[in-house]
Novice: 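First the structure, then my questions, so here it is.
Predicted, not measured: the structure shown is a model, and the values here were computed from it. Below, read A as the first sequence line, B as the second, and so on, with proteins coming before strands; counting in each chain starts at 1.
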Amino acid sequence: MTEPSKLPHHGVPEHQPAAGGIAARARAAAGPQYLNGLNPEQREAVETLDGPVLVLAGAGTGKTRVLTTRIAHILSQGRARPHEILSVTFTNKAAREMKLRLGQMLGQAVEGMPWLGTFHSIGGRILRIHAELVQLKSNFTVLDVDDQVRLLKQLLQAENIDDKRWPARMLAGLIDGWKNRGLTPAQVPSGEAAIFGNGKGGKLYASYQERLKILNAADFGDLLLENIRLFRENPDVLRQYQNRFKFILVDEYQDTNVAQYLWLRLLSQAPSRPGVPLSAIIPGDLTSPRLRGDVDARSASGEGDPPQTEIAETTPHPDPLPVKDAEREKAAPIPKNICCVGDDDQSIYGWRGAEVDNILRFEHDFPGAKVIRLERNYRSTGHILAAASHLIAHNEGRLGKTLRTEDVDGEKVTVTGSWDSEEEARAIGEEIEELQRSGENLNEVAILVRASFQMREFEDRFVTLGLPYRVIGGPRFYERAEIRDALAYLRVINSPADDLAFERIVNVPKRGLGDATVQMLHDHARKRRMPLFEAARAVVETDELKPKARGALRDLLLQFDRWRAQREVTAHTELAEIVLDESGYTEMWQKDRSADAAGRLDNLKELVRSMEEFENLQGFLEHISLVMDRDGDASDEAVSLMTLHSAKGLEFDNVFLPGWEEGLFPSQRTLDEQGRAGLEEERRLAHVGLTRARRRAKLYFATNRRIHGTWSTTIPSRFLDELPSANVEITESKGGSGWGGAGGYGPSRFDNVESFGSSYTTPGWQRAQANRNRSQGGRSGQARGGFEESQSSFSGGFSRNKRGPLVIEGELVAKSTGTVSEFSLDDRVFHQKFGYGNVVKIDGNKLTIAFEKAGEKKVVDSFVERV
DNA sequence: CACTGACTCGTTTTT
DNA sequence: CGAGTCAGTG
């Protein structure tokens with residue numbers, strides 16, 4: 001997470017800027033000056049240099065500050081030189097932030113930290129140095145998802161697998177998951193490998209890896225996994241790095257996946273002393289036959305296992321993830337100076353392979369670890385912090401922290417209900433305009449949504465209001481089609497064997513080289529075991545192609561020859577311009593009449609501009625896929641619109657949190673798939689959302705929301721119920737009366753004992769209540785909350801639904817899905833909004849109803865009653 | 001080979 | 001509802 005460089009607004013003395021060169025006034029009597037601004041816990045985290053340290057840094061407690069100061073401390077104490085410190089983050093943004101702050105703190109004293117970067121960029125860097133040891137060349141290409149899928153599609157075809165039933169994307173996801181868990185093709189549990197393509201999943205993974213080597217390419221997962229393999233198979237190389245890195249720092253430890261964990265484990269061991277067999281530290285024999293097959297991802301790591309330990313005895317586990325304490329303890333490393341910073345309450349990437357377990361078990365993994373808690377929050381006012389803390393306290397699997405602030409209570413968190421999502425957007429728009437009138441900077445206003453489809457409504461509204469906004473997070477810069485196309489041209493110039501790149505642009509812009517031609521090139525290439533480009537050269541000489549295609553292909557090849565020749569005498573930025581021009585690519589977009597064509601041309605210019613930072617084409621291509629970041633406009637004043645996920649690490653004075661409804665937030669899908677763990681992750685997401693706010697946090701829920709084009713009634717999120725009423729204020733929607741008079745729906749039961757009774761009496765509450773009963777009144781498809789008819793059940797936990805959704809410890813975690821509709825064709829029904837009608841079509845729980853007045857509509861079945 | 005109409009399927013996202 | 005994919009046609 002990156003704390004903004006901006007200081008907290010409440011003038012906490014601890015957060016004076018560490019102005020002036022630290023290096024200059026090295027050590028004052030009370031210690032170095034850079035320590036002065038720290039509170040005691042932060043200071044301890046900075047100064048405890050020896051042995052493993054876990055810093056549990058709650059939201060807004062100065063985590064990045066601790067990390068950077070710690071590095072400064074190590075350096076100024078002379079404990080290590082810059083290149084002896086390994087410091088890993090997850091995102092480029094975080095890495096950049098740290099470099100920036102470090103630079104400010106140290107002045108020019110220290111030039112660059114070569115080993116400060118993301119897991120992937122550092123893994124990639126190490127891999128390039130030793131590429132040949134993992135069957136690659138040092139200029140290997142890093143594939144993007146698109147290339148990956150294309151490659152897999154080819155493999156599926158070769159295996160004669162129906163890619164309708166077994167989509168390449170799904171396989172890409174599986175392989176990604178395996179790599180996240182540190183599993184090589186041989187290590188994937190056979191049962192799991194079998195679930196794809198009638199048992200061919202494992203085989204496909206293996207042949208995918210083979211193909212990657214042939215293409216001299218690695219995917220993102222490989223940057224770590226191949227790195228791990230490198231270390232395991234080459235103990236001397238590993239030892240070299242263990243020797244080099246005197247200190248290891250890890251940011252966002254709660255987000256690490258198994259592969260990252262294993263990688264850190266390998267590096268964090270002290271190098272073996274003479275006399276200690278290497279096998280004591282590195283398993284190294286993962287390739288031995290007895291280890292093939294179902295090997296537990298973690299026990300397979302086996303780092304630190306004494307040689308006599310029979311790894312083969314490891315019980316294959318049906319689920320390779322759970323790790324027994326005993327195994328982990330057995331694998332106790334020789335402690336090293338590793339410092340991990342994280343917050344278990346902000347772990348929101350479990351679905352992507354992050355293992356909260358890594359942080360929860362730090363003390364097991366690194367015996368003798370010192371755990372330091374940072375609980376002083378310098379960001380949010382009292383009510384906001386209390387609400388967030390109370391909410392997250394509902395989670396069970398936590399290390400436990402209590403955030404506190406010395407700030408004023410400030411404004412209460414507000415909860416506002418509205419009739420539908422449109423009214424919600426209107427209400428928020430008005431509130432933002434009000435804030436603007438009262439002098440708030442729009443840069444200090446953010447809307448955080450659970451899912452990106454929610455954004456549209458706000459965009460529409462803001463456009464009509466003329467309110468400037470920016471969407472944070474969309475597709476990454478280098479993921480855009482035009483950027484990838486341009487890169488593909490450059491890749492083919494740089495490396496003629498890059499089949500994936502060649503295939504991407506053979507017919508972009510259109511040159512009459514369609515599927516048939518490409519297919520034939522493929523055949524040719526496979527037969528002669530040569531890259532596509534070479535195959536094309538050969539084919540052009542024959543008359544296998546129709547004259548038109550043949551001519552076009554020949555022209556293309558000649559162009560590439562020319563560009564390659566020019567490469568020697570032309571600056572790489574200039575070359576890029578020439579290529580885009582001569583290939584007709586620029587022209588293609590200039591002719592395009594669609595709305596975003598202009599933006600794409602801008603992006604291409606931006607790409608060429610960004611090339612200037614690199615020495616040459618080769619250097620640029622090596623870094624592009626790992627380091628390129630979008631960003632761009634941060635200058636103009638605008639409201640920020642983003643998902644909760646991409647808000648992590650940011651903070652704003654005013655935070656709007658719409659869509660707090662069951663099914664949307666917490667997300668029904670997460671609940672269905674992950675059960676209780678999913679619920680807890682959603683709750684952490686809610687916690688992240690609330691803790692982004694400095695002064696104002698505003699929650700919203702709508703009673704009706706259009707999902708997939710059909711209207712559904714929704715009920716307020718259980719997270720609203722979990723807020724402490726003392727810190728929350730229920731407000732009426734200001735969005736006007738979209739429906740039956742004043743909007744405004746009180747939230748449901750607050751789980752604070754004191755005075756929740758009052759919320760029952762508001763008209764809004766009663767209306768929301770009525771909706772609940774109605775939606776529960778029969779059809780299981782939509783009976784979410786499972787409330788009983790009477791309100792009395794609210795005082796207890798969630799009451800149970802008799803129809804049997806997933807209930808754990810009295811808490812409804814997920815409703816069952818896919819239930820059959822209780823309606824039949826031609827049923828006469830009544831709908832609150834549309835009146836009477838007849839069912840004309842049934843699709844699961846979605847009904848198409850011909851209403852007498854409103855015409856034909858699609859509605860979710862719980863929305864209507866049979867009459 | 002390119003274009004168009006039918007069809008499906010709907011989180012979160014980094015690198 | 002609407003973006004993206006796919007098969008069939010000009």
Novice: Please walk me through it: do A:F90 and A:T118 pass side chain to side chain contact (heavy atoms under 4.5 Å, CB included)?
Specialist: CA-CA 5 Å; A:F90 273 83; A:T118 63; over 6 Å; no
Novice: Nearest-Å distance, CD (A:E252) to P (B:dT15)?
Specialist: 12 Å
Novice: Rounded to whole angstroms, how far apart are NZ on A:K93 and P on B:dT13?
Specialist: 13 Å
Novice: Measure CG/A:N507 against C1'/B:dC3 and give the value in whole Å, please.
Specialist: 14 Å
Novice: Taking the side chain of A:H120 as its heavy atoms from C-beta onward, which of B:dT12, B:dT15, B:dG10 lies nearest to it?
Specialist: B:dT15
Novice: Please name all residues satisfying ring-ring contact (aromatic ring centres under 6.0 Å, His included) with A:F196, sequence neighbours left out, ordered by chain then number.
Specialist: A:W166
Novice: Classify the nucleic acid contact of A:R456 as base, sugar-phosphate or nothing, counting any heavy atom under 4.0 Å across all strands shown.
Specialist: sugar-phosphate
Novice: Need one value for A:E682: base, sugar-phosphate or nothing, where a base atom within 4.0 Å counts as base even if backbone is also close, heavy atoms only.
Specialist: base
Novice: May I ask you to say what A:D255 touches in the nucleic acid, namely base, sugar-phosphate or nothing, with a heavy-atom cut-off under 4.0 Å?
Specialist: nothing
Novice: Write down the distance between CG (A:L671) and C1' (B:dT12), rounded to a whole number of angstrom.
Specialist: 14 Å
Novice: Is A:N257 near enough to B:dT15 that one of its side-chain N or O atoms lies under 4.0 angstrom from OP1 or OP2?
Specialist: no
Novice: For the pair made of CG in A:L650 and P in B:dT13, what is the distance, rounded to whole Å?
Specialist: 13 Å
Novice: Side-chain N or O of A:T710 versus OP1/OP2 of C:dC1: is the shortest distance under 4.0 Å?
Specialist: no
Novice: If the P atom of B:dT13 is compared with that of C:dG4, how far apart are they to the nearest Å?
Specialist: 16 Å
Novice: So, is A:N92 close to the B:dT15 phosphate, meaning a side-chain N or O under 4.0 Å from OP1 or OP2?
Specialist: yes
Novice: Check every strand shown and say whether A:E479 touches a base, only sugar-phosphate, or nothing at a heavy-atom separation below 4.0 Å.
Specialist: base
Novice: When the distance from CD of A:Q454 to P of B:dT12 is rounded to whole Å, what number comes out?
Specialist: 9 Å
Novice: Would you tell me whether A:Q154 and A:E503 have side-chain atoms, one donor and one acceptor, within less than 3.5 Å of each other?
Specialist: yes
Novice: What residues, two or more places apart in sequence or in another chain, satisfy salt bridge (charged side-chain N to carboxylate O under 4.0 Å, His left out) together with A:D592?
Specialist: none
Novice: Students often get this wrong, so: under 4.0 angstrom with heavy atoms, is A:S667 touching a base, only sugar-phosphate, or nothing?
Specialist: base
Novice: Do A:Q148 and A:D144 pair up side chain to side chain, a donor and an acceptor below 3.5 Å, judged on atom types alone?
Specialist: no
Novice: Tell me, please, which residues at least two apart from A:E459 pass salt bridge (charged side-chain N to carboxylate O under 4.0 Å, His left out).
Specialist: none
Novice: Using heavy atoms and a sub-4.0 Å distance, could you list which residues of residues 512-519 of chain A are near DNA chain B? By number, please.
Specialist: A:G512, A:L513, A:G514, A:D515, A:A516, A:T517
Novice: For A:F90 and B:dT15, say yes or no: do the ring centres fall under 5.5 Å of each other while the ring planes differ by less than 30°?
Specialist: no
Novice: What integer distance in Å separates A:L143:CG from B:dT15:C1'?
Specialist: 13 Å
Novice: I want to check one thing: is the phosphate of B:dT13, taken as OP1 and OP2, less than 4.0 Å away from some side-chain N or O of A:T643?
Specialist: yes
Novice: For A:E482, what residues pass the salt bridge (charged side-chain N to carboxylate O under 4.0 Å, His left out) criterion, not counting sequence neighbours?
Specialist: A:R600
Novice: Got a sec, which residues hit salt bridge (charged side-chain N to carboxylate O under 4.0 Å, His left out) with A:R128, two or more places apart in sequence or on another chain?
Specialist: A:E622
Novice: Let me spell it out: for each of A:R669 and A:R511, pick the nucleotide of DNA chain B with the closest heavy atom. Which residue's pick is nearer the 5' end?
Specialist: A:R511
Novice: A:V145 side chain: which of B:dT12, B:dT15, B:dT13 is closest?
Specialist: B:dT15
Novice: Please give, in whole Å, the distance from B:dT12 C1' to A:I348 CD1?
Specialist: 8 Å
Novice: Look at all strands and tell whether A:K510 reaches a base, only sugar-phosphate, or nothing, counting heavy atoms closer than 4.0 Å.
Specialist: sugar-phosphate
